[in-house]
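Step one of this worksheet: look at the structure below.
Just so you know, residue 1 is the first one in the sequence shown, and it goes up from there. Both ligands and their constituent atoms are indexed starting at 1 by order of listing.
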Amino acid sequence: MSDPALDTLASGEAAEPQELTDGFHLVIDALKLNDIETIYNVPGIPITDLGRYMQAEGLRVLSFRHEQHAGYAAAIAGFLTQKPGICLTVSAPGFLNGLTSLAHATTNCYPMILISGSSEREIVDLQQGDYEEMDQLAIAKPLCKAAYRILHAEDIGIGIARAIRAAVSGRPGGVYLDLPAKLLGQVMDAEAGRKSLVKVIDAAPAQIPAPEAVKRALEVLKGAKKPLIILGKGAAYAQVDDDIRALVEKSGIPYLPMSMAKGLLPDDHPQSAGPARSLVLKESDVVMLIGARLNWLLSHGKGKQWGTEPKKFVQIDIDPREMDSNVEIAAPLVGDIGSCVSALVKGMGDNWTAPPAEWTSAVKEKKDGNIAKMAPRLRNNNVPMDFHGALGALKDVIAENQDVILVNEGANTLDFARSIIDMYKPRKRLDVGTWGVMGIGMGQAVAAAVETGCPVLAVEGDSAFGFSGMEIETICRYNLPVCVVVFNNGGIYRGTDVNPSGSSDVATTVFVKDSRYDKMMEAFGGVGYYATSPDELSRAVKEALASGKPSLVNAVIDEKAGTESGRIGNLNPQSVVSKK
Ligand code: ADP
Ligand code: TPW
Ligand code: MG
């Protein structure tokens with residue numbers, strides 16, 4: 001057999017230099033081919049050069065101080081864009097630091113890919129003690145939707161295509177992609193490499209609901225005397241805002257937004273039942289869930305919160321297994337929210353009857369009463385501030401700056417902000433999600449600013465802020481328009497607990513008194529503010545948002561103002577031995 005290259009040499013002609021590529025560049029080309037633009041990472045062996053080459057090839061690579069926050073950034077980027085957010089980490093410890101956010105993405109149905117470098121397979125599998133040795137693939141598997149490892153450069157195209165499709169199709173979630181160090185250095189012919197890449201076509205295909213399922217859902221809705229729609233963050237994720245608005249308005253049904261679905265329709269919409277939440281959960285007879293699960297956040301669809309009125313549920317979800325997860329679903333509507341909602345609107349026709357006025361006016365009466373009751377509390381100018389005074393000020397700031405993205409975590413700081421601050425546009429409220437996890441703050445703030453270009457206001461409990469506080473350096477480094485407000489009540493829930501033993505250690509929930517978080521921001525070149533009254537807080541936040549500069553407002557909150565676990569204290573187990 002003749003070798004053409006040797007033949008050429010033998011004939012005396014100069015050989016065409018073969019164009020080569022390698023694993024590093026194939027990974028980059030595969031991501032770019034699939035419209036991935038931003039990578040959230042922490043560098044180190046074996047992916048330092050991958051980050052450098054990515055930057056050189058035009059990807060935006062944002063480095064964090066800890067992988068968990070790069071991961072939370074990637075996860076929320078997925079929620080905001082419907083493209084998988086990419087988090088890139090080193091092996092074992094970096095991978096493990098990123099894993100919390102991968103599990104969080106999976107739990108919250110956000111599309112994300114955690115790409116981690118890993119050590120030599122041969123050494124890891126024989127457990128011979130490689131640098132950062134760990135069987136990462138096995139560890140990731142139970143915490144994500146899918147986990148893949150690529151061993152050969154020619155499989156990079158397929159591997160990345162599989163990861164993208166797994167992350168965004170059906171119910172979105174986290175995907176782990178394991179890239180052994182050796183893979184990145186593998187060399188192959190550049191043309192063969194180009195041909196091996198895969199552009200994912202229709203990554204999240206529409207899933208059309210069955211016509212009989214649509215009919216069944218409409219029948220159940222028609223029979224309702226006291227119907228309610230609950231919008232969840234799946235509805236926000238779906239980006240079919242006009243269809244959802246059309247359904248709500250055409251049906252005339254009161255709706256309740258879950259936390260991250262706030263703003264899908266503006267919170268001041270006449271059909272919003274947010275301020276009458278207790279009443280509508282108790283009294284409704286038919287409840288239609290759109291992209292919301294009947295998990296703990298909705299008391300599993302049963303019990304005291306849901307009252308004694310028998311309920312029928314209609315549920316729209318892309319995952320068929322979500323149906324009957326907690327209670328019987330009378331009309332399951334399986335499909336993507338866009339297709340399901342538009343099929344319902346079409347099926348309602350032109351003669352849809354609005355719910356009985358008795359119901360809608362009862363909801364309105366309750367709502368107006370609750371709003372009126374709350375109003376004076378939100379206008380108090382107490383020093384030190386309580387949660388209502390401080391959040392009343394921020395409520396007005398958001399009303400005047402409706403494009404601002406609100407990031408929110410803490411206990412009291414979260415629960416009060418969720419109900420007090422109205423949102424006016426879709427996907428403007430980002431928070432702790434399904435787990436109620438502390439630590440999402442600065443990662444989400446970075447990604448929200450980067451992915452949308454909008455200003456970000458992060459309203460943070462002082463404990464919550466501490467989980468990701470070092471990332472304010474990241475915010476300053478990339479000069480992002482993020483204003484962080486730390487609700488400084490000197491502790492977790494409150495700052496007043498006392499160590500029951502009488503020792504000089506403070507109580508478990510208490511921090512250093514009068515901490516100056518504003519000075520942390522100044523340390524990195526951002527702007528620090530110190531606010532002791534709602535008026536000062538309002539002025540500081542308005543100035544910070546107008547300036548677009550990284551800034552942090554230390555908002556001094558009365559250390560006695562909060563309650564244990566915010567509004568979910570009932571979930572704490574009780575001891576039979578009384579507290580001292
Ligand atoms: P919330 O916490 O706001 O109540 P959940 O996270 O519990 O919301 O529920 C979101 C639901 O939305 C999940 O069950 C998920 O399967 C579903 N979902 C996400 N995207 C879509 C989509 N495009 N179409 C249909 N369902 C979706
Ligand atoms: C990863 C448990 C829930 S809320 C909270 C903790 C530690 C902090 C509350 O204090 P904060 O808010 O932020 O000062 P405030 O306004 O009430 O004073 N670890 C993780 N997630 C959770 N949820 C916890 C611990 C927790
Ligand atoms: Mg606190």
Looking only at distances, please establish whether an N/O atom of ligand 1 is found under 3.5 Å from an N/O atom of Ile337. yes
Closest non-hydrogen protein atom to atom 23 (N) of ligand 1, residue and atom name please, with distance? Ala238 CB, 3.9 Å
Backbone of Ile329 reached by a side-chain donor or acceptor of Asp324 within 3.5 Å: yes
Any donor and acceptor pair, going by atom type alone, linking the side chain of Ser538 with main-chain N or O of Pro534 inside 3.5 Å? no
Would a distance-only check, ignoring hydrogens and angles, find a side-chain to backbone donor-acceptor pair under 3.5 Å from Gln207 to Ser339? no
Yes or no: does Gly335 have any heavy atom under 4.0 Å from an atom of ligand 1? yes
Taking only heavy atoms of Tyr237, which atoms of ligand 1 are found under 4.0 Å from at least one of them? 20 (N)
Check the angle between the aromatic planes of Phe387 and Phe487 and answer parallel, tilted or perpendicular using the 30° and 60° thresholds. tilted
Do the side chain of Asp267 and the main chain of Met423 share a donor and acceptor less than 3.5 angstrom apart? yes
To which protein heavy atom is atom 14 (O) of ligand 1 closest, and what is the distance rounded to 0.1 Å? Asp317 OD2, 2.5 Å
Ligand 1-proximal atoms of Asn295, by part, heavy-atom distance under 4.0 Å: side chain
So, Asp415 and Arg418, do they make that salt bridge, N to O below 4.0 Å? yes
Which atoms of ligand 1 are found less than 4.0 Å from any heavy atom of Ala292? 4 (O), 8 (O), 9 (O)
Between Lys233 and the options Asp431, Leu264, Thr434, the side-chain contact (heavy atoms from CB on, under 4.5 Å) test singles out Thr434
Give yes if a backbone or side-chain nitrogen or oxygen of Asn108 is under 3.5 Å from a nitrogen or oxygen of ligand 1, and no if not. no
Closest non-hydrogen protein atom to atom 10 (C) of ligand 1, residue and atom name please, with distance? Gly291 O, 3.1 Å
The Mg ion (ligand 3) - name of the N/O/S atom of Asp462 that sits closest to it: OD1
Strictly distance-based, threshold 3.5 Å: is any side-chain N or O of Arg494 a donor or acceptor partner for the main-chain N or O of Lys560? yes
Are the side chain of Ser533 and the backbone N or O of Asn381 linked by a donor-acceptor pair below 3.5 Å? no
Is Cys109 touching ligand 1 with its side chain, its backbone, both, or neither, if touching means heavy atoms under 4.0 Å apart? side chain
Write 'none' if nothing qualifies; otherwise put on separate lines each N/O atom of ligand 2 with a protein N/O atom under 3.5 Å away and their distance to 0.1 Å.
| unit_1 | atom_1 | unit_2 | atom_2 | d |
| --- | --- | --- | --- | --- |
| ligand 2 | 12 (O) | Ala411 | N | 3.2 |
| ligand 2 | 13 (O) | Ala464 | N | 2.9 |
| ligand 2 | 14 (O) | Asp462 | N | 3.2 |
| ligand 2 | 14 (O) | Asp462 | OD1 | 2.6 |
| ligand 2 | 14 (O) | Ser463 | N | 2.9 |
| ligand 2 | 14 (O) | Gly491 | O | 3.0 |
| ligand 2 | 16 (O) | Thr413 | N | 3.1 |
| ligand 2 | 16 (O) | Thr413 | OG1 | 2.5 |
| ligand 2 | 17 (O) | Asn412 | N | 2.8 |
| ligand 2 | 17 (O) | Asn412 | ND2 | 2.9 |
| ligand 2 | 18 (O) | Asn489 | OD1 | 3.2 |
| ligand 2 | 18 (O) | Asn489 | ND2 | 2.9 |
| ligand 2 | 18 (O) | Gly491 | O | 3.1 |
| ligand 2 | 18 (O) | Tyr493 | N | 3.2 |
| ligand 2 | 21 (N) | Met438 | N | 3.1 |
| ligand 2 | 23 (N) | Gly436 | O | 2.9 |

Check whether any side-chain N or O of Glu283 sits under 3.5 Å from a backbone N or O of Leu279 as a donor-acceptor pair, and report yes or no. no
Could you tell me whether any N, O or S atom belonging to Asn489 is less than 2.8 Å from the Mg ion (ligand 3)? yes
Decide whether an N or O pair under 3.5 Å exists between Ile318 and ligand 1. yes
Enumerate the atoms of ligand 1 whose separation from the nearest heavy atom of Arg171 is less than 4.0 angstrom. 13 (C), 14 (O), 15 (C), 16 (O)
Is it the side chain, the backbone, both or neither of Met258 that has a heavy atom closer than 4.0 Å to ligand 1? side chain
Is there a side-chain contact between Val553 and Val541 in this structure, where contact means two heavy atoms from C-beta onward sitting under 4.5 Å apart? yes
Show which atoms of ligand 1 fall inside a sub-4.0 Å distance from at least one heavy-atom site of Gly232. 3 (O)
Has Lys367 got a side-chain atom pairing as donor or acceptor with Ser272's backbone, closer than 3.5 angstrom? yes
What protein heavy atom lies closest to atom 18 (N) of ligand 1? Include the residue and the distance to one decimal. Gly234 CA, 4.0 Å
So for atom CD, which belongs to Glu328, do other residues, nucleotides or ligands contribute more than 12 heavy atoms lying within a distance under 6.0 Å? no
Hey, does Glu322 come in under 3.5 Å of ligand 1, counting only N/O atoms on both sides? no
Carboxylate-amine/guanidinium contact Asp317 Arg293, below 4.0 Å: no
So is there a nitrogen or oxygen of Arg293 less than 3.5 Å from a nitrogen or oxygen in ligand 1? yes
The protein heavy atom nearest to atom 2 (O) of ligand 1 is Lys233 NZ, 2.8 Å
Quick check: does Gly495 put an N/O/S atom under 2.8 Å from the Mg ion (ligand 3)? no
Do Glu473 and Arg65 meet the salt-bridge criterion of a basic N to acidic O distance under 4.0 Å? yes
Minimum heavy-atom separation for Ala292 to Gln315, with atom names? O-NE2, 3.2 Å
